[in-house]
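In what follows, a structure is listed as structure tokens, so that the remarks can point back to it.
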Amino acid sequence: MQAFGLVDCNNFYVSCERVFRPDLEGKPVVILSNNDGCCVARSNEAKALGIGMAEPFFKVRHFVDSHGLVALSSNYALYGDMSAMVMSILADHAPGTEVYSIDESFLDLSGMDCVGDMTSWCRELRETMRRWTGIPVSIGVARTKTLAKLANRLAKKSPKTDGVLDLAGHPEWLTAALRRTNVGDIWGIGKQWAGICNLAGHRTAWDLSQAEDGWVRKTMGAVGLRTVMELRGTPVNDLETVPDARQTCCVSRSFGDTVDSFADVRDAIVTFASRASEKVRRDGLVAGAAHVFMQTDRFRRDQAQNSASTTVRLCPPTASTPLVVNAAIKGLTAMWSDGFRWRKAGIILLDLVRPEDVPRDLFAPPPNVRAEKLMAALDDANAKFGRGAVMFGLAAPDAAWKMKQGSVTPSWTTRWEDIPIARLGQPSSDRPAAQARMPRGPPSP
DNA sequence: TCTGGGGTCCTAGGACCC
DNA sequence: TCTGGGGTCCTAGGACCC
């Protein structure tokens, strides 16, 4: 029997922080986006205060005083590392996994009848995850990925499921589950389509599953129709165990403060271009073009608005930092205009391909072996001494465009200096958190 | 005062071809 | 007066995801 599981870490970034800061347990906690702008993760207590996903922090800052809300800057080194642990444990337990996002993975549970009761198996997996990583997860199981998502959501929401809901093994629960889910909460149905569905009288997942194919196709296109098929229990999405090579790579940031000088935006773009080149090299790819863009502050209606972008071809395709940086500066120079206060800029590397798939160009210069060696040395140095140890350009550490981060927690798992110290005997007052809750980790082979 | 970043896929329309 | 019928490729924009 074909079945998909969806394992989703509960309030993932908050849970990661709580592993090393158990004092945050039971408190309302939010994790902030870059520049400490928006709340991108919320503990249950924070959700109960009515704090929405991606809610601007300044709108909820008053909860800090009134309700003891704790707001932390995001610590992606920590979350990425914790995610890798979670995913490797899942890979060891299920016959196939698809890492869907930093905190979610689909499992292939087909042919797992041998485990007997699926719900018990999932409960055990959940408990293993909690013991080995400290991260609480919810698990949904169903015949299609869309339904597994739906089951997962109910498992997370409804306390009586105890974090696990198997709709594949209990088809009699399916209709009730669909009726309890609003269309807007279906995977693949966003705000726009939810509005259209509601107008047409399709308020719940059950309603939408009964909608006419022609109507769905017309209003939501091929994508919408696939979602509806999956709601009806017909799988159209397979497990993608090998991720497709990415096609684009974007590095962009809002600036800490607006900047109006060419030199400042250029410094930012040089930094972003370097970082994007590194990411593309790490994936063993080269880029055929670079798209550079910049924007003013769209929330400041009182200021002159502008946005500019340009695409520069990279011939032949490359991931070499100096070549990408040069192209980016060329693009920026071409599109620059004075007299605006720029708030955000970025670069998107496009047409990513593996170097061996680049069509041969009769007139192309021979590969620059020295440049390639230089890039390899640069990446090695940065791997050894930390990102940014060797870099292009001279970005002032206090430049206006640099992002603001008020309260980042230590890189508990990825920097030697930050690794918590476990002591036996008398508890010490300086790091009670780490002592109490160091994750045990899976046993070494 | 203060509002994230990084992706994917699909569609419609235009240019161009025979 | 009468004015085809496919194709393909590219791009911009819009929807979605976390």
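What you see is a predicted model; the values in this text were computed from it and never measured. Numbers restart at 1 for each chain; the letters A, B, ... are given by sequence-line order, proteins then strands.
- A nucleotide of DNA chain C counts as in contact with chain A when one of its atoms lies under 4.0 Å from a heavy atom; the first and last such, 5' to 3', are dA15(C) to dC18(C).
- Within 4.0 Å of I189(A), counting heavy atoms only, lie sugar-phosphate atoms of the nucleic acid but no base atom.
- Between the side chains of T296(A) and N306(A), no donor-acceptor pair of N or O atoms lies under 3.5 Å.
- Other residues, nucleotides and ligands contribute at most 12 non-hydrogen atoms within 6.0 Å of the CD atom of E212(A).
- Nucleic acid contact class of E55(A) (heavy atoms, under 4.0 Å, all strands): none.
- For the C1' atom pair drawn from dG4(C) and dC16(B), the interatomic distance equals 16 Å after rounding to whole Å.
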Given Watson-Crick and G-U pairs under 3.5 Å, DNA chain C in dot-bracket ([ ] crossing, | other strand) is ....||||||||||||||
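- Side-chain atoms of E230(A) and T146(A) include a donor-acceptor pair closer than 3.5 Å.
- A side-chain donor from one of N10(A) and S138(A) sits under 3.5 Å from a side-chain acceptor of the other.
- The minimum heavy-atom distance between A54(A) and C38(A), with the atom names listed, is O-SG, 3.7 Å.
- Between G221(A) and R298(A), it is R298(A) whose nearest contact on DNA chain B lies nearer the 5' terminus.
- Under the 30°/60° scheme for interplanar angles, the aromatic rings of W215(A) and H202(A) are found to stand perpendicular.
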#### Entry: Intermediate values then yes/no, ring pair (Phe, Tyr, Trp, His ring centres under 6.0 Å), F4(A) and W187(A)
CA-CA 14 Å; F4(A) 295 94; W187(A) 184 45; 9.9 Å; no
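- Take the nearest nucleotide of DNA chain B for I348(A) and for R61(A): the residue whose nucleotide is more 5' is R61(A).
- Using cut-offs of 30° and 60° on the angle between ring planes, the pair W342(A) and F340(A) is tilted.
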